[in-house]
Undergrad: 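Pasting a structure below so you can have a look.
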Amino acid sequence: MVDTAPGPGLILFNRFGMGARPGDLAGLRLDPRAALKAELAKADVALVSEADASALGLMSTTPNIQAAYAAQAERSLDKKQAEDATRLGTAPRAALWGIGSDAVAEARPNAMAMTAARPPAKPGPRIEQTIYNAEALARIDMATRAEIGFVERLVAFWSNHFCVSVRKGDIIRVTAGSFEREAIRPNVLGSFLDMLMAVEHHPAMLYFLDNNQSIGPDSIAGQRQKRGLNENLAREIMELHTLGVGSGYAQADVTSLARVLTGWTYAGREGRQGEPGSFVFNVRAHEPGDQMVIGKAYLQGGLGQGEAALTDLARHPATAHHIATKLARHFIADDPPPAIVDRLAKVFRDRDGDLRALAVALIDSPEAWSVPLTKIRNPYDVAMASARLSGAVPQEAGPSLNIMRNLGMPLWEVADPNGYPDTEAAWGSPEEMKLRLDLSVQIAHGVRSAKAPLDMLDDLAGQEASADTRLAVSRAESREQAMALLLMSPEFQRR
Amino acid sequence: MVQLCETPNAARRALLQAGGAMFAWAYMPRFALAAEGRDPRLVVIILRGALDGLSAVAPVADPDYAALHGQLALSLSGDHPALPLDGFFALNPAMPIFAALFAQRQAAIVHAVATPYRDRSHFDGQDVLESGQAGPGLVDSGWLNRAMAVLPKGDRISKIDGLAVGATTPLVIRGPAPIVGWAPQIIPVANEDLASRVLALYQARDPRLADSLVHGLSLDRIAGNAMTDKTMRGGMDTPQGMRQAAIGAARLLAAEDGPRVAALAFDGWDTHVNEGGATGRLAQLLGGLDGAIGAFRDGLGESWRDTAIVVATEFGRTVHINGTTGTDHGTGTVAFLAGGAIKGGRVLADWPGLAAARLYQSRDVMPTTDLRSVFKGLLQDHLGLPQTILDTTVLPGSIGVRPIQGLVV
């Protein structure tokens with residue numbers, strides 16, 4: 001499998017897409033390039049529809065942050081009241097331990113009778129977790145229902161490129177999903193500049209990379225308090241979001257861009273600067289004066305100063321090369337042929353960062369149809385491809401989120417701003433393959449299908465399934481083992 | 001100044017130096033090691049995110065330290081006093097195990113140390129730290145792996161695969177020499193029948209996946225079986241995760257036929273905001289590292305005597321605290337050494353001072369020791385690699401960087 005030219009079905013659904021669903025390959029008579037372009041041409045294909053959003057109870061970022069603020073306030077009030085009550089000795093036991101909860105009483109009748117030391121009632125899910133789960137389900141729903149899933153792969157690619165992480169805290173837990181819906185999805189087939197602007201204005205990113213805490217030393221706020229500049233956002237914009245590391249900018253450029261971006265924040269709980277949780281430009285924190293970034297002066301101009309700098313960064317040739325390399329690495333090979341990188345970079349430059357044109361260039365590249373499938377699916381792809389293969393649309397996010405977490409790629413939860421790695425070395429390591437083997441059994445347990453295993457192999461790879469895989473599946477000792485073998489087969493793991 | 005100590009096993013090195021010809025060298029170290037009855041272990045721990053060396057090992061007697069490092073500065077007094085080391089430096093109170101090892105002369109510190117990398121990107125900084133190249137660039141092998149690869153055939157270490165701990169393999173141990181991966185188990189295991197069927201399929205269709213899986217399977221048996229708590233709570237950027245990883249790795253390294261070289265990477269040291277000093281976020285991480293070192297000591301048992309652990313990070317952080325009670329990306333920082341094989345109880349530092357004029361680019365600890373000289377010293381004295389090989393193959397472009405001698409007992 002590794003060294004042979006792939007068939008069109010595996011290219012379509014593994015290299016470009018989210019995995020084949022039952023019947024997809026049987027019906028594959030179209031020109032696969034045309035099928036990919038047709039998906040790109042569907043109206044609003046990247047957007048979570050209003051109906052779906054309201055069915056799932058999704059809200060935009062501002063109310064999400066307000067909900068987190070309210071929940072935090074309520075929890076600290078509860079805690080204080082409980083502490084006060086304990087101190088005064090007036091606490092009813094039920095209030096302290098949550099007793100009265102039928103669930104506890106029913107679950108542990110003997111324990112209840114035997115001892116007075118009762119366990120606290122399990123609290124309901126926190127609002128932050130509820131929001132996160134709803135957003136995750138929306139992402140999973142989009143990916144499992146997509147025709148091919150090329151656009152969803154692009155969404156995941158850009159979401160990882162501009163990653164935020166819930167490890168940072170509850171503000172990201174409630175905004176990671178709405179960040180993706182608001183900053184990534186509307187622009188995924190639009191312009192890179194628009195996406196960059198949306199990302200760097202977004203509260204999730206401003207919080208994740210600490211810009212909400214960065215204050216110009218000579219600004220009004222800076223002169224009144226001790227807090228000052230934080231260069232985290234500025235550095236990652238240059239290193240990760242636009243130019244790429246080693247492309248020639250200097251420490252001084254990072255510091256200058258950090259000054260340019262001071263004041264980019266979001267309104268806090270009290271709403272002194274604007275509606276709580278919404279983007280605001282805090283002029284009192286903005287460093288006054290002109291700044292030089294990569295040899296160009298940006299004149300004192302408040303918010304416009306930063307937007308002008310971001311515009312130039314988005315159009316810099318180094319940015320074109322950086323994005324082209326990452327895209328080609330994601331879709332073609334860990335070390336992509338230089339020709340395709342150059343071609344994608346040229347499209348990026350010539351079309352002013354038009355991401356739809358870039359997606360079309362990928363489809364039209366000969367390498368996409370000839371380079372062997374040496375990439376290994378990342379855990380998100382594994383979770384989505386297995387859900388699609390089962391033919392069911394997930395009703396809850398939990399199982400998919402568990403697959404991703406167990407394989408080392410929890411959703412919206414990277415350890416550092418580089419995003420998740422995108423190489424075989426990362427996802428095909430000995431330990432990872434062992435985990436995948438163990439997990440294949442768990443997934444196979446959960447698949448409810450009466451289909452004959454060989455029919456499922458046809459769903460997965462059609463005529464392109466190898467004789468070896470066909471033999472291994474046909475000889476499996478149980479339906480479940482056959483399913484696990486399918487999930488471990490190169491036809492499933494490689495893309 | 002760097003202390004250049006005379007090494008007690010001079011006889012061995014004399015042998016090495018005499019054996020100038022490749023052929024002669026190829027058979028020397030094995031005999032030398034056997035003669036001494038040693039079975040060395042080398043563990044490399046990478047701290048990703050750039051550790052603030054000034055909050056880990058504080059130059060409490062430097063007149064500029066307290067003012068410069070502000071709220072994050074450690075002190076020998078107060079509620080959470082730093083642990084005294086040598087009168088000049090003191091250790092973060094979150095590291096009592098390391099302090100005890102230091103007192104027993106089984107742990108040492110190198111300060112004001114840095115790789116040759118002088119910019120401030122994590123990505124490139126880690127590449128330089130782990131690849132062992134003089135500068136950043138796309139490479140696919142690390143210095144630890146290349147050191148294993150150039151050991152003579154038949155040497156104790158080269159006979160057994162190196163060990164990569166964690167879900168992803170750190171670059172430092174990737175390369176031509178064979179390695180295996182292991183991470184704390186987090187889900188129930190598949191049965192042997194399925195494993196052998198999948199392996200057979202891979203052997204027919206996808207040799208690279210076959211290779212990966214066979215290594216993943218063989219390692220898990222030894223490391224996982226004896227762990228009392230199989231559930232890993234959180235990743236390897238939590239104190240619990242660090243400890244779990246060290247427990248499993250120590251078990252593998254202690255086995256008679258287990259690996260002798262291992263690499264681990266702990267994430268999360270990028271303390272831009274609310275770093276904390278004697279307590280807080282950084283102290284929590286340092287406590288995790290301390291627990292991991294303790295788990296190695298306890299888990300290695302008799303083999304601790306032959307073990308050297310080196311803990312390094314891609315670069316340090318700024319001397320001044322930033323506007324958000326954290327620190328930004330800097331240069332000079334600290335490296336930790338621990339193990340029964342380490343000649344400890346010392347802080348090795350050509351201390352540059354923290355006066356404004358002595359800082360690197362007016363913001364960072366000036367690096368005065370090249371981290372590669374630490375690696376070279378360990379590889380030379382602990383694994384028996386000759387300097388010429390270290391200069392050219394293991395750490396290319398480091399001819400001018402002399403190994404620090406006498407790091408090992």
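Reminder, nothing fancy here: chain letters follow the sequence lines and each chain counts from 1. Only this structure's heavy atoms are used, side chains among them; waters, hydrogens and symmetry mates stay out. Owing to the predicted nature of the structure, the values given are computational and were not obtained by experimental measurement.
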Undergrad: Identify the two heavy atoms, one from A:Pro430 and one from B:Gly181, that lie closest to each other, and give their separation to 0.1 Å.
TA: CB-N, 3.7 Å
Undergrad: Out of A:Gln251, A:Glu231, A:Arg235, which one pairs with B:His329 under the side-chain hydrogen bond (donor to acceptor under 3.5 Å, both in side chains) rule?
TA: A:Arg235
Undergrad: Chain B heavy atoms under 4.5 Å from A:Gln225: which part of the residue, side chain, backbone, both or neither?
TA: neither
Undergrad: Counting only heavy atoms from other residues, nucleotides and ligands, does the tally under 6.0 Å from NE2 of A:His321 exceed 12?
TA: no
Undergrad: Are the side chains of B:Asp206 and A:Arg494 in contact, using a 4.5 Å heavy-atom criterion?
TA: yes
Undergrad: Check A:Glu424 with B:Arg174, please: is the shortest side-chain N to carboxylate O separation under 4.0 Å?
TA: no
Undergrad: Working to the nearest 0.5 Å, report the span between CD of B:Gln203 and CG of A:Asp468.
TA: 11.5 Å
Undergrad: Using non-hydrogen atoms and a 4.5 Å limit, figure out which bit of A:Ser489 sits close to chain B: side chain, backbone, both or neither.
TA: both
Undergrad: Chain A heavy atoms under 4.5 Å from B:Asp193: which part of the residue, side chain, backbone, both or neither?
TA: both
Undergrad: Side chain, backbone, both or neither: which part of A:Gln213 has an atom under 4.5 Å from a heavy atom of chain B?
TA: both
Undergrad: Is it the side chain or the backbone of A:Ile376 that comes within 4.5 Å of chain B heavy atoms, both, or neither?
TA: side chain
Undergrad: For side-chain hydrogen bond (donor to acceptor under 3.5 Å, both in side chains), just list the numbers for B:His272 and A:Asn232, CA-CA rounded to whole Å, side-chain angles, deciding distance to a tenth of an Å, and then say yes or no.
TA: CA-CA 7 Å; B:His272 279 285; A:Asn232 206 10; 3.0 Å; yes
Undergrad: Between B:Val165, B:Asp124, B:Thr169, B:Asp270, which has the largest tally of heavy atom pairs under 4.5 Å with chain A?
TA: B:Asp124
Undergrad: Given A:Asp210 and B:Thr324, is the side-chain hydrogen bond (donor to acceptor under 3.5 Å, both in side chains) satisfied, shown in steps?
TA: CA-CA 8 Å; A:Asp210 307 315; B:Thr324 51; 5.9 Å; no
Undergrad: Under 4.5 Å between any side-chain heavy atoms of B:Leu209 and A:Met433, yes or no?
TA: yes
Undergrad: Taking the side chain as every heavy atom from C-beta outward, state whether B:Pro136 and A:Val245 have any atom pair closer than 4.5 Å.
TA: no
Undergrad: Below 4.5 Å, heavy atoms only, C-beta onward: do A:Leu437 and B:Leu194 meet side chain to side chain?
TA: yes
Undergrad: Could you look at B:Arg48 and say if it's the side chain, the backbone, both or neither that has a heavy atom under 4.5 Å from chain A?
TA: neither
Undergrad: Give me the atom names and distance for the closest heavy-atom approach of B:Arg197 to A:Arg475.
TA: NH1-O, 2.9 Å
Undergrad: For B:Gln361, does the CD atom sit with more than 12 other heavy atoms under 6.0 Å from it, leaving out its own atoms?
TA: yes
Undergrad: Considering non-hydrogen atoms only, spot the tightest contact between B:Leu201 and A:Pro490 and give its length.
TA: CD2-CD, 4.0 Å
Undergrad: Is it the side chain or the backbone of B:Leu213 that comes within 4.5 Å of chain A heavy atoms, both, or neither?
TA: both
Undergrad: Provide the closest heavy-atom pair for A:Gln493 versus B:Tyr202 in the form atom of the first, atom of the second, distance.
TA: CG-OH, 4.0 Å
Undergrad: Counting heavy-atom pairs under 4.5 Å to chain A, which of B:Val273, B:Ile179, B:Thr327 comes out on top?
TA: B:Val273
Undergrad: Which pair of non-hydrogen atoms, one from B:Asn322 and one from A:Leu229, has the smallest distance, and what is that distance?
TA: CB-O, 3.5 Å
Undergrad: So, A:Glu431 side chain and B:Gly216 main chain: donor-acceptor pair closer than 3.5 Å or not?
TA: no
Undergrad: Give the member of A:Asn418, A:Val254, A:Thr469, A:Asn230 that has the highest number of heavy-atom pairs under 4.5 Å with chain B.
TA: A:Asn230
Undergrad: If you compare all heavy atoms of A:Glu239 against all heavy atoms of B:Ser121, which two are closest, and at what distance to 0.1 Å?
TA: OE2-OG, 2.7 Å
